[in-house]
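What follows is a single structure, written as structure tokens, with notes after it.
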Amino acid sequence: ELFGHKKGAFTGAVDSHPGILARSCPHGAVFLDEIGEAKVPIQIKLLRVLQEREFSPVGSHETVRFSGRVIAATNRPLDEMRNAGHFRDDFFYRLCSDVIEMPRLATRIEEDANELDLLVSSIVGRMLGEANEALASEAAFAIRKGVGARYAWPGNVRELEQAVRRIVLTRSYAGDLRAPRGTSSSALLDATSGDDAERLLARYCHALYERHGTYEEVARRTKLDRRTVKRYVELCGP
């Protein structure tokens, strides 16, 4: 799909097929979603495209020029993957000429109370083909009533889109049943019984790391430096 192939290059290749890279116009862009899932052999092939601006279709010795740009996205912690050898450093440095970090939906809503209303209004507009502020307000109210202000939104914006659709059909949304819910004070004390302050902070940092996936985000939320956060996370084990 990326590089294309020549007729007869493999069983079933009954005709030549130009890949996505070949179909990109000179000033266009190819968007690669979930780049963190790409295996090392694919990373090597893409590295050549980024570095040499050239590639060859499968079954061909012809060199094709790529003059577009590559935009990639991932929700995987690339720094951890690089340390583990699952994501190549040279590929990362060729790819990351600019980096835009998108906060999780729960973070966006926590930092801006109007974010939920804006997103719901946009989703309703796409669903109906036109703006409908009455329905958007009803959906936002139902979401706040159903999941509360501290809901973790484990499915991010995709979950929010489905929540709006469910509200249109059923007038309610109770959230992901597998998502972590708030606990009472007694339950919290029982769960942390025997922990000193350092161990309690370590468990908190570890829980944030499991949810957000990066030391940087944990450091931002706890107002600790990255090195301290990493030490606390490692204290609780993998």
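Just so you know, these numbers use all the heavy atoms, side chains as well, and skip hydrogens, waters and symmetry mates.
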Under the side-chain hydrogen bond (donor to acceptor under 3.5 Å, both in side chains) test, which residues partner [X], sequence neighbours left out?
| X | value |
| --- | --- |
| Glu54 | none |
| Asn156 | none |
| Asp79 | Arg226 |

Non-hydrogen atoms of Pro77 and Thr214 that approach each other most closely: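 Shortest heavy-atom contact: CB-CG2, 4.5 Å.
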Measure across Val124 and Ala136 and return the closest heavy-atom pair with its distance rounded to 0.1 Å.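 Closest heavy-atom pair between Val124 and Ala136: CG2-CA, 4.0 Å.
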Quick one, [X] and [Y] - any side-chain contact, counting heavy atoms below 4.5 Å?
| X | Y | answer |
| --- | --- | --- |
| Tyr209 | Lys230 | no |
| Val64 | Leu21 | no |
| Thr228 | Arg231 | yes |
| Arg199 | Leu235 | yes |
| Val157 | Arg108 | yes |
| Leu105 | Leu119 | yes |
| Arg220 | Thr107 | yes |

Basic-acidic side-chain contact under 4.0 Å: Arg221, Glu217: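 Yes, this pair counts.
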Salt bridge (Lys or Arg N to Asp or Glu O under 4.0 Å) between Glu115 and Arg104: does it pass, once the steps are laid out? CA-CA 12 Å; Glu115 184 74 5; Arg104 293 177 56 85; over 6 Å; no
For Arg82, salt bridge (Lys or Arg N to Asp or Glu O under 4.0 Å) partners two or more places apart: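 By the salt bridge (Lys or Arg N to Asp or Glu O under 4.0 Å) rule, Arg82 matches Asp89.
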Side-chain donor-acceptor distances from residues 66-76 under 3.5 Å, at least two apart:
unit_1	atom_1	unit_2	atom_2	d
Thr74	OG1	Gly36	N	3.4
Thr74	OG1	Arg76	N	3.0
Arg76	NH1	Glu37	OE1	3.4
Arg76	NH1	Glu37	OE2	3.0

Please check if the side chain of [X] supplies one atom and the backbone of [Y] the other of a donor-acceptor pair under 3.5 Å.
| X | Y | result |
| --- | --- | --- |
| Ser121 | Asp117 | no |
| Arg88 | Ile44 | no |
| Gln43 | His86 | yes |

Mind checking ring-ring contact (aromatic ring centres under 6.0 Å, His included) for Tyr204 and listing every partner two or more places apart, or none if nothing turns up?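 With sequence neighbours excluded, Tyr204 shows a ring-ring contact (aromatic ring centres under 6.0 Å, His included) to no residue whatsoever.
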Show which side-chain atoms of residues 160-175 pair as donor or acceptor with protein atoms under 3.5 Å away, not counting sequence neighbours.
unit_1	atom_1	unit_2	atom_2	d
Glu161	OE2	Arg126	NH2	2.8
Thr170	OG1	Arg166	O	2.8
Thr170	OG1	Ser172	N	3.4
Thr170	OG1	Ser172	O	3.1
Arg171	NE	Glu138	OE2	2.8
Arg171	NH1	Ile167	O	3.3
Arg171	NH1	Val168	O	2.8
Tyr173	OH	Glu159	OE2	2.7

Can you establish whether the number of heavy atoms outside Phe31 located under 6.0 Å from its atom CZ is more than 12?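 Yes, the 6.0 Å shell around CZ holds more than 12 heavy atoms from other groups.
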Whichever hydrophobic residues join Leu118 through chains of side-chain contacts under 4.5 Å: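 Once heavy-atom contacts under 4.5 Å are chained together, Leu118 still belongs with nothing else.
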Under 3.5 Å, which donor-acceptor pairs do the side chains of residues 2-12 form with other protein atoms, sequence neighbours left out?
unit_1	atom_1	unit_2	atom_2	d
His5	NE2	Asp15	O	3.3
Lys6	NZ	Glu62	OE1	3.3

Just verifying a value: how many Å separate [X] [atom1] and [Y] [atom2], rounded to the nearest 0.5 Å?
| X | Y | atom1 | atom2 | value |
| --- | --- | --- | --- | --- |
| Glu52 | Arg65 | CD | CZ | 9.0 Å |
| Leu224 | Tyr232 | CG | OH | 7.0 Å |
| Asn83 | Glu80 | CG | CD | 5.5 Å |
| Lys45 | Leu50 | NZ | CG | 14.0 Å |
| Asp90 | Gln51 | CG | CD | 7.5 Å |

Sequence neighbours excluded - ring-ring contact (aromatic ring centres under 6.0 Å, His included) pairs with any residue from residues 89-132: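 Non-adjacent pairs meeting ring-ring contact (aromatic ring centres under 6.0 Å, His included): Phe87-Phe91.
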For Ala207, give me all partners under side-chain contact (heavy atoms from CB on, under 4.5 Å), at least two apart in sequence or on another chain.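 None.
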side-chain contact (heavy atoms from CB on, under 4.5 Å) with Ser97: which residues, sequence neighbours excluded?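 Result, side-chain contact (heavy atoms from CB on, under 4.5 Å) vs Ser97: none returned.
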Is Leu78 reachable from Val229 through a run of hydrophobic residues whose side-chain heavy atoms are each under 4.5 Å from the next?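 In one cluster with Val229: Leu78, no.
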Go through it in stages, so that I can follow the logic: the residues are Glu216 and Glu101, the test is side-chain contact (heavy atoms from CB on, under 4.5 Å), and I'd like the CA-CA distance, side-chain angles, deciding distance and then a yes or no. CA-CA 11 Å; Glu216 289 76 9; Glu101 182 176 349; 5.6 Å; no
